[in-house]
There are 2 protein chains.
Amino acid sequence: MADPQERLEQTIRVLKDKGCRLTPQRLAMLRILSKSEGHPSAEQIYEQIRADYPTTSLATIYKTLSLLKNMNEVFEITFASVGSHYDGNKPYPHPHLICTKCGQILDPEFGPLAGISQEISRQTGYKITHQQLIFFGLCPKCQKAGQAPE
Amino acid sequence: MADPQERLEQTIRVLKDKGCRLTPQRLAMLRILSKSEGHPSAEQIYEQIRADYPTTSLATIYKTLSLLKNMNEVFEITFASVGSHYDGNKPYPHPHLICTKCGQILDPEFGPLAGISQEISRQTGYKITHQQLIFFGLCPKCQKAGQAPE
DNA sequence: CATCTAATTGATAATGATTATTTATAGAAA
DNA sequence: TTTCTATAAATAATCATTATCAATTAGATG
């Protein structure tokens with residue numbers, strides 16, 4: 001896990017660079033996300049924020065998440081069956097381990113790419129049932145089109 | 001790709017085994033899914049069905065998909081940013097290649113697990129930007145609990 | 001410090017995919 | 001044919017997310 005303090009400062013720097021304001025609500029969110037060990041959902045972030053800022057709107061959470069995603073300062077795990085979850089500590093794609101029953105999400109340590117499942121199972125105690133590996137990119141047609149994403 | 005005819009017959013067998021009826025709408029769906037080269041969404045299946053059965057309801061599509069999922073006769077790609085898509089030809093987890101612009105989904109050929117992205121890029125012409133690898137299973141707590149999934 | 005203005009917030013409506021509900025229909029079994 | 005149950009169709013409900021817009025405020029400027 002990256003140093004939360006450092007992540008926080010980095011994100012603040014990026015926000016300022018882009019001319020974005022640092023509101024109290026945003027700062028509170030950045031604090032939560034810079035740790036974000038539990039890969040919180042928007043709803044969970046919302047609940048945490050409301051402890052300090054009871055009037056905060058869920059819309060603000062979503063808007064700020066969207067902003068941070070565009071700056072690559074938060075990574076969204078958009079797997080449908082668990083809903084969207086966010087990682088502001090490691091804001092880039094990486095493998096995840098999801099409990100299909102309770103929805104807990106872990107970041108397995110991840111060295112070589114062979115015998116992985118077994119290794120992860122040993123590390124975490126999870127009984128691994130299946131995995132999903134998805135590659136993203138631009139198909140040849142879209143590369144040629146060279147237009148903005150829809 | 002598996003032989004669509006064989007997949008169709010296999011799925012029909014499983015349905016009968018479970019005492020499910022083979023209605024015209026279902027048969028039409030099974031035909032589409034046994035090919036399902038394009039990994040269609042529920043909406044896309046709906047449109048295809050309506051060519052032959054104009055009164056078919058979207059709810060029926062969803063119910064049948066749910067039925068087939070439970071029998072492992074269709075695999076659901078539940079990645080949020082592209083919505084749910086279905087594969088009735090290879091009804092088990094496998095890697096996918098998704099164009100982040102047009103949403104096209106391919107099944108890359110997939111041998112060893114090293115130098116994969118580069119290999120896939122060569123095969124398909126995609127420019128690969130990132131990937132997502134997700135492991136699923138039961139966390140230690142849920143294994144002990146031994147209850148039905150929520 | 002006071003003023004100004006665009007960025008942001010909060011409240012709420014809208015959206016869109018999926019699920020639930022309810023009534024009608026259609027094969028299978030008696 | 002009658003009865004029974006699975007399924008279909010139509011539609012309402014749900015739920016996460018996004019859009020809208022008036023009110024507020026961060027932060028620059030004087």
Side-chain angles (χ1 to χ4, degrees), chain A residues 11-30 39-71 73-74 76-86 103 105 149-150, chain B residues 11-12 14-30 32 39-71 73-74 76-86 103 105 149-150:
Chain A
T11 305
I12 290 174
R13 248 191 322 270
V14 171
L15 274 178
K16 296 223 159 165
D17 266 15
K18 307 257 177 176
C20 297
R21 290 183 189 167
L22 192 62
T23 64
Q25 295 93 331
R26 276 190 185 165
L27 185 57
M29 269 192 75
L30 296 189
H39 304 79
S41 65
E43 193 68 39
Q44 288 164 340
I45 295 168
Y46 179 55
E47 280 157 24
Q48 285 189 62
I49 293 272
R50 284 175 76 94
D52 294 324
Y53 299 89
T55 70
T56 304
S57 165
L58 188 53
T60 298
I61 308 294
Y62 278 107
K63 273 180 288 194
T64 304
L65 283 172
S66 173
L67 185 75
L68 294 170
K69 273 190 289 175
N70 289 335
M71 300 172 175
E73 290 301 318
V74 71
E76 184 181 16
I77 305 167
T78 50
F79 201 76
S81 68
V82 297
S84 279
H85 287 253
Y86 300 88
I105 302 176
E150 340 169 16
Chain B
T11 306
I12 290 173
V14 172
L15 273 178
K16 295 224 156 160
D17 266 15
K18 307 256 175 176
C20 297
R21 292 182 187 163
L22 192 62
T23 64
Q25 295 92 332
R26 276 189 186 168
L27 186 57
M29 266 192 77
L30 296 189
I32 291 167
H39 304 79
S41 65
E43 193 68 40
Q44 287 165 341
I45 294 168
Y46 180 56
E47 280 157 23
Q48 285 189 65
I49 293 273
R50 285 175 76 95
D52 294 324
Y53 299 89
T55 70
T56 305
S57 165
L58 187 53
T60 298
I61 307 294
Y62 277 107
K63 271 180 291 194
T64 305
L65 283 172
S66 172
L67 185 75
L68 295 170
K69 272 190 289 177
N70 289 335
M71 300 173 174
E73 291 300 320
V74 72
E76 185 181 15
I77 305 166
T78 52
F79 201 77
S81 69
V82 297
S84 279
H85 287 251
Y86 300 88
I105 302 175
E150 334 167 22

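Note on naming: letters A, B, ... go to the chains in the order of the sequence lines (proteins, then strands), and numbering restarts at 1 for each one. The analysis underlying the following values was restricted to heavy atoms, covering all of them including side chains, and did not include hydrogens, waters or symmetry mates.
- Distance, A:L67 CG to C:dT8 P: 7 Å, rounded to whole Å.
- With values rounded to the nearest 0.5 angstrom, A:L58 atom CG is found 9.5 Å from A:E47 atom CD.
- Atom CG of B:L27 and atom C1' of D:dA6 are 17 Å apart (whole Å).
- The distance from atom CD1 of A:I61 to atom C1' of C:dA11 is 14 Å, rounded to the nearest whole Å.
- Backbone-only contact: B:T56 has heavy atoms under 4.0 Å from sugar-phosphate atoms and none from a base.
- If you take CZ of B:R26 and P of C:dA26, they are 15 Å apart, rounded to a whole angstrom.
- The number of heavy-atom neighbours closer than 6.0 Å to NZ of B:K16, taken from other residues, nucleotides and ligands shown, is 12 or below.
- Rounding to whole angstrom units, CG of residue B:L58 and P of C:dG16 are separated by 14 Å.
- Here the CG-CD distance, from A:L15 to A:E73, works out to 7.5 Å after rounding to the nearest 0.5 Å.
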- For every nucleotide of nucleotides 19-30 of chain D, 5' to 3': is a protein heavy atom under 4.0 Å from its base (B), only from its sugar-phosphate (S), or from neither (-)? BB----BBS---

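- The main-chain N or O of A:H85 is never found under 3.5 Å from a side-chain atom of A:H39 such that the two would form a donor-acceptor pair.
- Tested against B:C20, the residues B:L68, B:I12, B:V14, B:L67 include a single side-chain contact (heavy atoms from CB on, under 4.5 Å) partner, B:L67.
- Here the straight-line distance linking atom OG1 of A:T64 with atom NZ of A:K69 works out to 11.5 Å at 0.5 Å rounding.
- Nearest approach of B:A42 to B:I61, heavy atoms of both residues: O-CG2, 3.8 Å.
- Per the geometry, CG belonging to A:L15 stands 12 Å off C1' belonging to C:dT8, to the nearest Å.
- Taking a 4.0 Å limit (strictly below) on heavy-atom distances, residues 41-53 of chain B does not reach DNA chain C anywhere.
- Within the 4.0 angstrom heavy-atom criterion, no nucleotide atom of any strand lies near B:S66.
- An OP1 or OP2 oxygen of D:dA8 is reached within less than 4.0 angstrom by no side-chain nitrogen or oxygen of B:S57.
- Whole-Å rounding puts the A:K69 NZ to D:dT18 C1' distance at 11 Å.
- Each of B:Q44, B:E43, B:Q48, B:R50 was evaluated against B:Y46; a single residue qualifies, B:R50, per the side-chain hydrogen bond (donor to acceptor under 3.5 Å, both in side chains) test.
- For the atom pair B:L65 CG and B:Y86 OH, the distance stands at 5.0 Å (nearest 0.5 Å).
- Between the NZ atom of A:K18 and the P atom of C:dT8 there is a distance of 13 Å, given to the nearest Å.
- Along DNA chain D, the nucleotide nearest to B:G19 and the one nearest to B:T60 differ in position, and the one closer to the 5' end is contacted by B:G19.
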